[in-house]
Amino acid sequence: MPAGWNIRVTTFDSEGKPRIVRNFLAYESDKERAIQLVCKRVPVAEGELAEAVAEVSGNEFVGTGMGLGDVRRHSKKADLDEG
């Protein structure tokens, strides 16, 4: 059973193509509740898609200071080179 979820929020352009992708870690084992937590805590506008894309093990949360129910922006090394 996962300790939490990686939730992806996608913003689409006027042609329906993905434009902005943001990833969040939600420290919640239930997938649907994890999505709800992200939608409540970060700006997810109508027309954006919030979806669980990967289970996250408890090891990912060790040492992060996150507690159950917390949401945090998740960045990957590849994201640091963008923009």
Side-chain angles (χ1 to χ4, degrees):
M1 177 171 227
W5 289 87
N6 180 337
I7 306 296
R8 179 174 57 208
V9 178
T10 306
T11 304
F12 298 92
D13 65 15
S14 61
E15 296 175 355
K17 297 178 184 174
R19 188 177 70 132
I20 300 170
V21 177
R22 299 174 288 159
N23 286 285
F24 299 90
L25 290 179
Y27 199 168
E28 167 58 57
S29 62
D30 180 81
K31 179 170 50 173
E32 295 305 317
R33 286 196 314 225
I35 293 169
Q36 290 172 1
L37 284 172
V38 170
C39 290
K40 287 180 183 178
R41 297 216 171 107
V42 301
V44 177
E46 187 174 328
E48 291 183 312
L49 175 63
E51 59 188 333
V53 294
E55 295 179 353
V56 179
S57 71
N59 294 340
E60 293 289 324
F61 296 103
V62 173
T64 64
M66 291 179 71
L68 288 175
D70 286 347
V71 171
R72 183 173 289 168
R73 181 80 184 252
H74 179 61
S75 63
K76 299 176 184 174
K77 289 183 181 182
D79 294 339
L80 298 176
D81 296 332
E82 296 176 2

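The model shown is predicted, which means the values in this text are computed figures rather than measured ones.
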Hydrophobic cluster membership, with links at side-chain heavy-atom distances under 4.5 Å among I/L/V/M/F/W/Y: are [X] and [Y] in one?
| X | Y | answer |
| --- | --- | --- |
| Leu37 | Val53 | no |
| Ile7 | Val44 | yes |
| Val71 | Phe61 | no |

Next item on the list: Dump the intermediate steps for side-chain contact (heavy atoms from CB on, under 4.5 Å) on Arg73 and Phe24, then the final yes or no.
Entry: CA-CA 4 Å; Arg73 181 80 184 252; Phe24 299 90; 3.6 Å; yes
So, do [X] and [Y] sit near enough that their side-chain heavy atoms are less than 4.5 Å apart?
| X | Y | answer |
| --- | --- | --- |
| Pro2 | Glu60 | no |
| Trp5 | Ile35 | no |
| Phe12 | Leu49 | yes |

Which value, rounded to the nearest 0.5 Å, describes the distance between [X] atom [atom1] and [Y] atom [atom2]?
| X | Y | atom1 | atom2 | value |
| --- | --- | --- | --- | --- |
| His74 | Arg8 | NE2 | CZ | 12.0 Å |
| Arg41 | Arg72 | CZ | CZ | 12.0 Å |
| Thr11 | Arg22 | OG1 | CZ | 5.0 Å |
| Thr64 | Leu25 | OG1 | CG | 8.0 Å |
| Lys17 | Thr10 | NZ | OG1 | 15.5 Å |

Next item on the list: Provide the closest heavy-atom pair for Val38 versus Ala26 in the form atom of the first, atom of the second, distance.
Entry: CG2-CB, 4.1 Å
Notebook entry, point to check: Looking only at heavy atoms, what is the nearest atom pair of Ala50 and Val9, with distance?
Noted result: CB-CG2, 4.2 Å
